K.L.:
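Pasting in a structure now, in structure tokens, and then I'll have a few things to ask.
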Amino acid sequence: MYAQIEKPKEIKNRSSSNSTIQLATIYRGMKASSGGGTTPKLSNVTTEGPALGVRSPDDIKATDIVNDKVNGGGMSTSQGGANKVPSFSVSSHYTYGGNNKTDKTLDNFRWNWSLDTSDLPSTLTTENDHGDHVLVKPANTDDLSLATFRSEVQGTQSKWSRIDS
């Protein structure tokens, strides 16, 4: 299934925080589970950016862990449409370097993906921390260990739709 690029709508907040929002759609540049695949690749290492997962120390720093629970940081996504995803994270938008790929069957081709945030589990929420940048983060900072947070994020794999562009 391929998603059509659409303008996102804001919907009801899940949090009382002014910066925590619930968007209709978020976007992220990621590799597919296999060359040309229709599900995003799961990050099996803590430093792999163009995959579905939470990196440490890039996304979650040591200071974000309080009493063994995630209390800051999150997985980066974008709001405002597929064209707002940083160019370095989507092969067709990347104008230089080794990630400028045109062969969509390659394992390292980076696709643009979208997720309807109503598909997030109740343990996750979104926060617009600056510009078009939106974090997927724990809904309650007292609940999730880093391992559980990673598992919850990766549990959304089947909900992401690849955008052909």
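Quick caveat, the model's predicted, so the values are computed rather than measured. Note that the numbering runs from 1 along the sequence shown for the chain.
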K.L.:
By side chain to side chain contact (heavy atoms under 4.5 Å, CB included), which residues pair with P138, not counting sequence neighbours?
P.N.:
V70, L144, F149
K.L.:
Looking at T148, is its backbone amide N or carbonyl O close enough to the side chain of S145 to form a donor-acceptor pair, meaning the two atoms are under 3.5 Å apart?
P.N.:
yes
K.L.:
Drop me the distance from I26's CD1 to D116's CG, to the nearest 0.5 angstrom.
P.N.:
9.0 Å
K.L.:
Once rounded to the nearest 0.5 Å, what's the spacing between atom CD of E127 and atom NZ of K137?
P.N.:
3.5 Å
K.L.:
May I have the list of side-chain donor-acceptor pairs in residues 60-69 shorter than 3.5 Å, sequence neighbours left out?
P.N.:
from: D64; atom 1: OD2; to: K61; atom 2: N; distance (Å): 2.9

K.L.:
Evaluate N112 against Y27 for side-chain contact (heavy atoms from CB on, under 4.5 Å), listing each step before the verdict.
P.N.:
CA-CA 7 Å; N112 210 335; Y27 303 87; 4.1 Å; yes
K.L.:
Could you walk me through whether T77 and T126 pass the side-chain contact (heavy atoms from CB on, under 4.5 Å) check?
P.N.:
CA-CA 9 Å; T77 65; T126 58; 5.7 Å; no
K.L.:
When you compare the side chains of S56 and R150, does any donor N or O come within less than 3.5 Å of an acceptor on the partner?
P.N.:
yes
K.L.:
With sequence neighbours excluded, tell me which residues meet side chain to side chain contact (heavy atoms under 4.5 Å, CB included) with S34.
P.N.:
none
K.L.:
If you look only at pairs with a residue in residues 73-86, which of them pass as a salt bridge (charged side-chain N to carboxylate O under 4.0 Å, His left out), with sequence neighbours excluded?
P.N.:
K84-D132
K.L.:
Output all residues satisfying salt bridge (charged side-chain N to carboxylate O under 4.0 Å, His left out) with D143, sequence neighbours left out; order by chain, then residue number.
P.N.:
none
K.L.:
Whether the S161 and S114 side chains hold a donor-acceptor pair (N or O, under 3.5 Å, no angle test) is what I'd like checked.
P.N.:
no
K.L.:
Of all heavy-atom pairs between Q157 and L52, which one has the smallest distance, and what is that distance?
P.N.:
CA-CD2, 3.5 Å
K.L.:
Check whether Q79 reaches the backbone of V134 with its side chain - one donor and one acceptor, N or O, closer than 3.5 Å.
P.N.:
no
K.L.:
Considering residues at least two apart in sequence or located in another chain, which fulfil the side-chain hydrogen bond (donor to acceptor under 3.5 Å, both in side chains) criterion with K41?
P.N.:
E48
K.L.:
Ignoring hydrogens, what is the shortest heavy-atom contact between I163 and W111? Give both atom names and the distance.
P.N.:
O-CE3, 4.0 Å
K.L.:
Would you say Q154's side chain and S43's backbone share a donor-acceptor pair under 3.5 angstrom?
P.N.:
yes
K.L.:
I'd like to check P86 versus S78 (side-chain heavy atoms, cut-off strictly below 4.5 Å). Are they in contact?
P.N.:
yes
K.L.:
What's the spacing between L124 CG and M75 CE if we round to 0.5 Å?
P.N.:
8.5 Å
K.L.:
Would you list the pairs meeting ring-ring contact (aromatic ring centres under 6.0 Å, His included) in which at least one residue belongs to residues 116-136, sequence neighbours left out?
P.N.:
H130-H133
K.L.:
Keeping to residues at least two apart or across chains, list the ring-ring contact (aromatic ring centres under 6.0 Å, His included) pairs with something in residues 50-86.
P.N.:
none
K.L.:
For E152, which residues count as a side-chain hydrogen bond (donor to acceptor under 3.5 Å, both in side chains) partner, sequence neighbours excluded?
P.N.:
T123
K.L.:
Between R162 (side chain) and T39 (backbone), is there a donor-acceptor pair under 3.5 Å?
P.N.:
no
K.L.:
Could R28 and W113 be counted as a cation-pi pair, given that NZ or CZ must be under 6.0 Å from the ring centre and within 45° of the axis?
P.N.:
no
K.L.:
Run the side chain to side chain contact (heavy atoms under 4.5 Å, CB included) test against S151 and tell me which residues pass, sequence neighbours left out.
P.N.:
none
K.L.:
How many angstroms lie between atom CG of D129 and atom CG of L135, to the nearest 0.5 angstrom?
P.N.:
4.0 Å
K.L.:
Please report the C-alpha distance between D119 and T156 in whole Å, then the side-chain angles of each, then the deciding distance to 0.1 Å, and finally whether the side-chain contact (heavy atoms from CB on, under 4.5 Å) criterion is met.
P.N.:
CA-CA 8 Å; D119 288 329; T156 66; over 6 Å; no
K.L.:
Please report the closest heavy-atom contact between T125 and A139, naming both atoms and the distance.
P.N.:
CG2-CA, 3.7 Å
